[in-house]
Each structure stands twice: as structure tokens, then as C-alpha cells.
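This report refers to the structure that appears directly beneath it.
A note on names: the letters A, B, ... follow the listed sequences, proteins ahead of strands, and every chain is numbered from 1. Basis for what follows: all heavy atoms, side chains included, without hydrogens, waters or symmetry-related copies.
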Amino acid sequence: NSSSITFNKTLLKHAAVSQPGFLGLKSNVKSSELVSSRRKRVNKNKKKNWNRHSDIHDVEDFLEDIRHQERTTGGLLSEKPDDSLFFLDVEAEPVKAEKGKRRVQRPLRIDLILQHDSMVPAPKNVTAYQQPNAKKLRRIAQRAEQLAAKGVLPRRQRHLLSRRPAEKTVKKAEANNNPDRDFYAMWGEEKVTDSADPWYLQQTGKKLVQRPEKLNQKPSVLPAVEVIAPGGSYNPDFLSHQALLQEAHDVEVQKQKQEDKLQRQLAFRKEDRATEVQTIISAVAACLYEDEDEAAAPNEDEADSALGAIAVAEKKTERQRKKEKAEKMKTQQQQASRRQTERQQQLFQLRSIKSSIKQQELQTKARQMKRKARQEAQKALPRRLGKLKYAQDLEVQLSDELAASLRQLKPEGSVLKDRFKSLQKRNLIEPRERAKFKRRLKVKYVEKRAFRQIT
Amino acid sequence: MGGTQKKKFERGSATNYITRNRARKKLQLSLPDFRRLCILKGIYPHEPKHKKKVNKGSTAPRTFYLLKDIRFLLHEPIVAKFREYKIFVRKLRKAYGKTEWSAVERLKENKPTYKLDHIIKERYPSFIDALRDIDDALCMCFLFSTFARTGKCHVQTIQLCRRLTVEWMNYVIASRSLRKVFVSIKGMYYQAEVMGQLITWLVPYQFSHDHPTDVDYRVMATFTELYTTLLGFVNFRLYHSLNLVYPPKSELKGENEDEYAMDSESYPEVSFYLFVSHTEQPKRPDLEKVEAREKEQMQLETQKKIFEGLKFFLNREVPRESLAFVIRSFGGEVSWDRSVCIGSTYEATDETITHQIVDRPNVDKSYINRYYIQPQWVYDCVNAKVLLPVEDYFVGVTLPPHLSPFVEEKDGDYVPPEKLKIMALQRGEKPGADLPEDDDDDEEEENDDDDDDEEDEEENEDDEDEAEEKNLKEMEKQKSQGKSLQVKVTPGKMKMENPVRLEQEEKAEEKRLAIMMMKKKEKYLYDKIMFGKKRKIREANKLAAKRKAFDDTEKAKKKKTKN
């Protein structure tokens, strides 16, 4: 029915279009065709005109329609059974899944929609299956199969198998303080020459720089470990213990002396403070001498000024200059003669001169020896290497701290500190102090609000 | 006048020195890294003679290094490692911050490390140089091995130090090189003679752990790093010189690993059985045919074996390691309670034990055939090089003072009486053979040994003279009183003339004559010398008198407490 309907529709369309002066939707119709004009006569017997001027659009349309039906719905609609086109719409019942039996799953709607229902099969793309050199490759594969069946491997595999396996030795760098580290013979018993040629080392830049000789000298003459005095034994001999206590006592006394000295220097002197008697006397004296001073003072001033004025005004006269010159000459002559006589007399003073020279020499020698001794002593002292000075404290236990037995011994001082001080003493490191905590910004103290209310 | 004027501080000592900060900048290192490098390489700051010149006119205290030393430091390959480490730290911190844990793992696996072997070789080109510097190394290693393993400094360092110190002690035991021990309030001082070098080191007590805050731990850790490497190599060489296997393996390690979970127990000092590859006796050098030398050697050999044949047992309260070390290095056998540490060979119930070392005020259970003594006996015997009488060191007895073996008395110096006694023992004399002056000592059980036991013979003679004088005085007194003297004519006694004494008298006469005949100048010099000598003797006498006074007061106190 629908096909007939469509057929009628096309007929109608055809009729409508063929009428002269019909305005279709397409606007690109040539204006010449709009104007109804007499058709030009065409000879239909010529082959040329069979294609051009034959009107077969009705047949074409019909066939097109049929093809369309086949393409879209998979066959002519008129030939289709009723069931495929129509269905009876009955009240839908809820579908229950039967237990026990495995219900066949209904196919998805999307699958139904996407089913291949046209009669026309999809065209096959031949180029997609084409392979260049297909025959050659096939023959090669066959040959390889035959060889493999025989047991002969291709060359590449043979090379792979014959290659040596890679040695996976991951050398992990050992830390210096690893407790299980190994040591080896460093100072070889026999004279081992360097394994590499020195010229090679030098040229490749691998030669190690020689250590300067001065660095091998020790920075101090002190021994590395200084044993404590015999009074430092855990069960000391009476006198040695007393000697050690005496030393510690001396150190403390020195410290105390320094402090006292400072206190004395800063103290207020009694002489500066005037007593009552002194103040009275000075006050009275001031009153007494006040009047005299006032009288005397101005006179003196005038006299001084007068003298000063006179001194400037006068010039030296000729006579005075001559006198001065004569005097000068005289003194010079006197001095010259004195020197002459001295020189002559020195001949007779040779012995005393000799003795005095000897004395001086002895003195210089003594001073030299002292200086040398002081230098030697200086070598044993710790050098001043930084900001802080070296400070050492003696370890000593007082008589009541001495232990009765080794079990009850309480060690004095720590070896760590002792070693640290020893390193400083031997000039290996500079004396150091723990770094103080310095604040960059000042801390502001503010009372809590609760406290502010109270106070 | 041609040329420019000389500018100040451009030549001479001012250009030889460089300040610390400048040196640091030249090396492009941070300050702690610079310090570490200087310590490792052995570069020390110097104090210039003329500070003002070097400091360009100012006297501010600065640390100066020699410019040549710093230039030498530039060639050190470790400097590159320090820089790598700095970058490693930076990358690690970034990875932590971004919480990229895989990156953290990867970085940690490839942490840059450095080795100090070439530095040791450079600083100590020969073995003897290394031995000379080993004192410091030993002290540091012993100190670090007593630290607690809290993680403040690397636990690995502490373990390595422990291992190296134990190896060293084993070497000393095997080579019998220990010579002196001194127990002081600071720690224990040991002295050993290794290959002709006298090596002294200090071992702190195990139970003293107040870590002072003003010590720079980084500096000490760097020193220890260097010294552990040095000590390791030295140990290797020493072990090979004795034909022993290095590193020594412990036989007991396998058995008792289940019982002792702590890793620290795996390096106990005395449980090492040293595996010997060749003959055990070290090769002795050919003795020269000098009798004195031979004698010395014989003496030394006997002194090395004073504890041979003796079996010791240590109670729980005595310092086990120290005593075991000392006893073993003189040939004795030692053991302790099983629950204290691994390595105990026999129990307290063993019958063959000769000495048991106890430090308590009293002992509850006692065996008959063994001596119960205090630990000071061992140390004093080692110092005296001879077995001292055990009676002075019994449990509960006031011990004689522990003298320092590091003190060498010269001729005129004061020698404490205990030392005199020990010297007498060394010579082979027995104390108490001379006249006892105090009768009280016979009554008292306490060993208040008299001081006058070892007085010279002159003292005895003086006593005799005094006795004669006393007699004469008495006789005179009686005569004056008018009593008839009970004097009879008795046959004369022949006075035996001591030939030795005669010789001595002659010599003294000659000396006096020679002194009288000296010239004034020479006499003056001689007087000066003698004055100096006599001063020493006078001081020694003073000290002896002081000591006597003290002893008398002590005796009086004891008498009072007794009564």
C-alpha cells in the first residue's frame, strides 16, 4: 500500500513538474527554462540523443524505490510477512526470572538495531588484503619452517646464543665506617714500586701531588697522651695526693688573686673621700686667701704682659751677637780639648774598659740563654690560634671524695673532654666554644589579657 | 726616582698566611666541611710570629693557615666528594619534601661515600710513622667504643671502634707487650711496647657517661673516622707480623648467637681464638753475644710470664674486661660467671682456681685452696713485675696505695716507702727480716707494715752508737751520785775491722782532702752543685718526716678505735 502511495506521489510530482512554469524549490533553475517556450524538436533516432533526451525518470524512480527498500529494510515490503511489520500490543506482563532454569538472555536492543538486515552485502576492500612480495615471504617462511624442523637455527639466533651473558656486578660503594670493612697491606713488606709508570701518570694528569715536607712536622712537642700525676691514682699515696691538691689550690689562688686585683683597682679609694675636718679646713682656707689673691692677681698679670711686650720689641744688637759667637766658639774648643784628653786617658783605663766589656758580654750571653729557655718553654705552651684562649682544669678528687675500693670509685672528669682539650693543647684545633643562640629579632613580652585586667 | 713605592702587606709574611674564611672561600666549601678536610689531611692553623704584619696592622685574633697548605688542599680528590654529598643532601631533602619515596630510595642507594686509604698512605708513608701516632688513635677508639648507641653519632662508627679495640687488645695479649698499668680517677692508663715503640693509651671506665656539652662532637667524630682507618691498617700489619690471620674469627660466635641477642656481645675481647697460619712463636732476632743484653732479655721473658700457671676467677663487681686483658697478657687463665658475658671457660665451682678477685666488703662462701683478693693486686703485680704478697690485698684489708708506674724517681728524690718495699721484693729480699722497731705490730693482725724495715745499715749503727752513749751517760750519772759503779775489768773484746768499711772511710778521707785542696773558683762551683743536690735530699727528708707524722697519727687513730 505504501509503495502504491509513493508511486502515486511520484506520479503526481512528475505531473506537476512537467507542467510549464512550475517553480520548484531549487532556485538555481535557469531563467530560460522558466519562460514557457516551445520545445525544440529533437531527433530521437540518433544515438547521440538516446542518452540525452530520453525520458526514463519514471522507471528510474521505480527502480530507485525498490533498491531503497532493499537497502534499508532488507527486502521488498510487500513481500515481507505480517509479523515482521506489525505486532499485537497486548498489556505487558512483568517478566519473571524463573528460578532454576537458566533463562535465555534477550538480545540487546542496540544489537538488534545494529544488525546487518540489508540484502546487499558490504563491498570488500581488495587493497586491504594485498601484500607486496606475498609470494616471496611465504616461500621464505616455508623454508625457515623446514630448516627448523631439521634443527638448523637462523644466523641471528645463533649469534644471540653465543654471546656472553652480561656480568651484573653492582659495586656498591662501601662507607668508610662500615664495621665489617676490610683492611689490606698498606705498608708492603717488600718494596713495591708504583704499578703505573710515573711518566704516564704525569701526562694523563693522574699524578698525585706530593705532600709538602713541613706538614710532616708535628705542631707541638707535647706527647699525645699525658699521664696524670701520681696523686691522681684511685688509691693515691698520701704525699703525692697532697702535692696534686697543692697544685689545684695554687691555680685557685691565682684566680682569686686576679679577681681581688680587679676589685682593688675598681674600688673607691679612701684618700679620695674627704673627711669632715678636711672639708672645713679647705673652706676656711678658701675664704682666707680669697682677698689676698684678688689683690695680687691683677698686678702680676700686668707685670707679665709688660715684660712680654718688652721681650718682643727688642732686637739683638751687634755686640750681643758677637758675644754669642765668641761664647759658642769657646764652648766648642773646650769640648774638643776635653774629648782629646779623654781619648788620651782611655789608654790608661784599658783594664777597667776591658772588664766593663766583659761584664756586658756576660750579660748579653745570660740574656740570650734566658731568651732561648723561654722560647723552648713557649713551644710547650698551646699557641693562640683563635679568638678564645686555652683553659685547662685539673682533675683532682678531694680527700673525702677518694673511694675506698675500685667498685665505689666515681670517675672524675670525662675522657672525652680530656681528649678535646689535649687536641687544643697540641695545636691541632683552635679552642672552641659552643655556639650561642642569638636572636635576630628582639622578643617582646606582652602580658596576657587576663593578667592585664588584674594588674 | 723610578718605579713605584713598596706597598705594605704585599710581600713577606703577610702573603704567606691566609685567614680561615678566605681559605674556605678558595676551596668553595662550607665551614664544617672545611674543618673536616683540615682534620683529615692534617692541616693545622699556625700562629704567625708577627701577628700585626700578617693581619695587616690589626691585632684582632684570627685563625691563620699557611697559604701553601691550602694550595695543597686544592688537589685533594675528597673535596669533590664533599661537594657531591652536599648536592645529595639537597636532592634528598627535595624528594622528601615532594614525598617522592621511590626517588628517596634511589638516592639513598647511591649515596656518595669516600675512602681515606690514600690519605693514610700519604700522611704515614712508613709503618713506624703510623706506630708513633697510634696513641691518639687508640685513645679515641677506646673512647668511642664506650659510647651509648643512641644514634647521636653513627652506630657503625661505634661498632667499628669496638672491633678495632678488641683486635688491638688481642694483639697485645698475643705478643705479651703490656708493660705498665695505672688506675687513675680519670680512667685506666696502659703502656705497651710494640716494635720498640712505647705506646700509652687511656681507657675510660665503662660506667662513666656524663657527656659534656662544650665538646664539639663533629670534630671528634672526624678525628675518629681518620683514626679508625689508621688503626685498622696498623692492626692488619701487626697481625701479619705475628703470622696470625686477620681479621680474627671468634669460635664461639656460632654457638651462642641465640643466647646473646645483642650485637655488642659479638666482639667480646677475650673470646677470640686466634687462628694461626704458621708457627705460633714469633721469630726472635738473633741475640748478640753481649751478656748484659742476654740478661735483659731473660729478665724480660720472666717478667712477661708472671701469671703463668695461675687460674683466676672474676666476680661480678670487678671490671671484667680490664682485668681479663691484663691477666691474659701475662700468661694467666681467667674466667667469670656465665651470665655476665660470653666467653667464660670455667665456673666458680672449679677446684683448680688459685685466685678469685672480689671487691665486696666480705665473701660469703669461700673455698680453701684459693686466695680471695682485691683487684688492685693484679695491677700492682704488673707494675712491680713480680708477684707481690697476697696478704696485703685480702678482702676487707686497707689496701696499700696504688703507685704510678709512670713516675721515675731520680737519685735524691723522695721515694715512698711502699715503693721501697716493692723494690726490695724485686731484688729478692723478703720484708720483715730486719729489726722490727714497733712491738705493736706483732700484736695487731692488720698489716701495718713498718716503714723502717728497709732502712739502711747506717741507721742500725747509729742506734748502736746511741745505745753506747746512753750507757756512758748513765754511768756518769751514777758516779756523780756517788754510787759505786758496777764496772769490772773484763777481758777485752776484739773489735772486728770491717774491710769494706775501712775502704769506704779511706775514700771519704781522700775526698775531703781533695776538696780542701781545690782552688777558690772551683770550690765555689762545687759548693753550688752540692747545695743543689743537698737541697733535694733535704726536701726528700722533709717529705719522709711528714709521711712519718701522718702514719703515726693514723696508728694513733686506729689504736683509739680499737680501744
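The main-chain N or O of Leu385(A) is found under 3.5 Å from a side-chain atom of Thr63(B) such that the two form a donor-acceptor pair. Under a 3.5 Å cut-off, the side chain of Trp187(A) and the backbone N or O of Val234(B) do not form any donor-acceptor pair. Looking at Asp359(B), its side chain does come within 3.5 Å of a backbone N or O of Arg407(A) through a donor-acceptor pair.
Proximity to chain B (any heavy atom under 4.5 Å) is shown, for Glu433(A), by neither the backbone nor the side chain. Heavy atoms of Glu226(A) lying under 4.5 Å from chain B belong exclusively to its backbone. Contact of Phe550(B) with chain A is made through the side chain alone, with heavy-atom distances under 4.5 Å. Heavy-atom distances place both the backbone and the side chain of Leu406(A) under 4.5 Å from chain B. The parts of Tyr124(B) that come within reach of chain A are both its backbone and its side chain, each placing non-hydrogen atoms under 4.5 angstrom from that chain. Ala403(A) does not touch chain B: none of its heavy atoms, backbone or side chain, sits under 4.5 Å away. Contact of Thr228(B) with chain A is made through the backbone alone, with heavy-atom distances under 4.5 Å. With a threshold of 4.5 angstrom between heavy atoms, Pro375(B) approaches chain A through side-chain atoms but not through N, CA, C or O. With a 4.5 angstrom heavy-atom cutoff, Leu423(A) touches chain B only via side-chain atoms. Looking at Phe142(B), there are no atoms closer than 4.5 Å to chain A (heavy atoms on both sides), in backbone or side chain. Interface residue Val215(B): backbone and side-chain heavy atoms are both found under 4.5 Å from chain A. With a 4.5 angstrom heavy-atom cutoff, Pro77(B) does not touch chain A via any of its atoms. Looking at Lys68(B), there are no atoms closer than 4.5 Å to chain A (heavy atoms on both sides), in backbone or side chain.
If you take CE on Met188(B) and OH on Tyr234(A), they are separated by 9.5 Å, rounding to the nearest 0.5 Å. Considering OG1 of Thr229(B) and CG of Asn177(A), their distance stands at 9.0 Å, rounded to 0.5 Å. Going from atom CD of Gln210(A) over to atom NE2 of His75(B) covers 12.0 Å, rounded to the nearest 0.5 Å. Put simply, CD1 on Ile39(B) and CG on Leu428(A) are 9.0 Å apart, with the number rounded to the nearest 0.5 Å.
For the options Lys218(A), Lys214(A), Arg383(A), Arg434(A), heavy-atom pairs under 4.5 Å to chain B are most numerous at Arg383(A). In terms of heavy-atom pairs under 4.5 Å with chain B, the best-connected choice from Ser240(A), Gly232(A), Ser405(A) is Gly232(A). When the candidates Leu239(A), Val396(A), Asn178(A) are compared by the number of heavy-atom contacts under 4.5 Å with chain B, Leu239(A) comes out ahead. Ranked by heavy-atom pairs shorter than 4.5 Å toward chain B, the options Ala224(A), Gly386(A), Pro212(A) are led by Pro212(A). Of all the listed residues (Leu143(B), Asp135(B), Leu138(B)), the one sharing the greatest number of non-hydrogen pairs under 4.5 Å with chain A is Leu143(B). Between chain B and the residues Gln242(A), Lys387(A), Glu395(A), the largest count of heavy-atom pairs under 4.5 Å involves Glu395(A).
When every heavy atom of Pro179(A) is checked against every heavy atom of Arg163(B), the shortest pair comes out as O-NH1, 2.7 Å. Taking every heavy atom of both residues into account, Lys186(B) and Val415(A) meet most closely at O-CG2, 3.7 Å. Between Arg181(A) and Phe233(B) the shortest heavy-atom distance is NH2-CZ, 4.2 Å. Heavy atoms only, all atoms of each residue included: Val227(A) and Phe406(B) are closest at CG1-CD1, 3.5 Å. The minimum heavy-atom distance linking Asp214(B) with Phe420(A) is given by the pair O-CE2, 3.8 Å. In plain terms, the two heavy atoms of Tyr44(B) and Pro219(A) that are nearest each other are CD1-CG, 3.5 Å.
Considering only heavy atoms from C-beta on, Asp180(A) stays 4.5 Å or farther from Leu160(B) through its side chain. Contact of the Leu215(A) side chain with the Phe72(B) side chain is registered, since non-hydrogen atoms from C-beta on lie closer than 4.5 Å. Within the 4.5 Å cutoff, the side chain of Asp237(A) has heavy atoms near those of the Arg547(B) side chain. Inter-residue side-chain proximity for Glu317(B) and Gln408(A) is flagged as unmet; no heavy-atom pair is nearer than 4.5 Å. By the 4.5 Å heavy-atom criterion applied to side chains, Ser233(A) and Ser184(B) are not counted as neighbours. Side-chain contact between Leu416(A) and Tyr217(B): present, with at least one pair of heavy atoms (C-beta onward) separated by less than 4.5 Å. Looking at heavy atoms from C-beta onward, Cys139(B) lies in side-chain contact with Arg419(A) at the 4.5 angstrom threshold. Side-chain contact between Phe183(A) and Asn235(B): absent, with no pair of heavy atoms (C-beta onward) separated by less than 4.5 Å.
Between Arg384(A) and Glu47(B) no salt bridge is recorded (no basic side-chain N to carboxylate O distance below 4.0 Å). Between Arg211(A) and Glu122(B), at least one side-chain N (NZ, or NE/NH1/NH2) sits under 4.0 Å from a carboxylate O, which counts as a salt bridge.
Side-chain atoms of Gln376(B) and Asn235(A) form a donor-acceptor pair, as typed in the model, at a separation below 3.5 Å.
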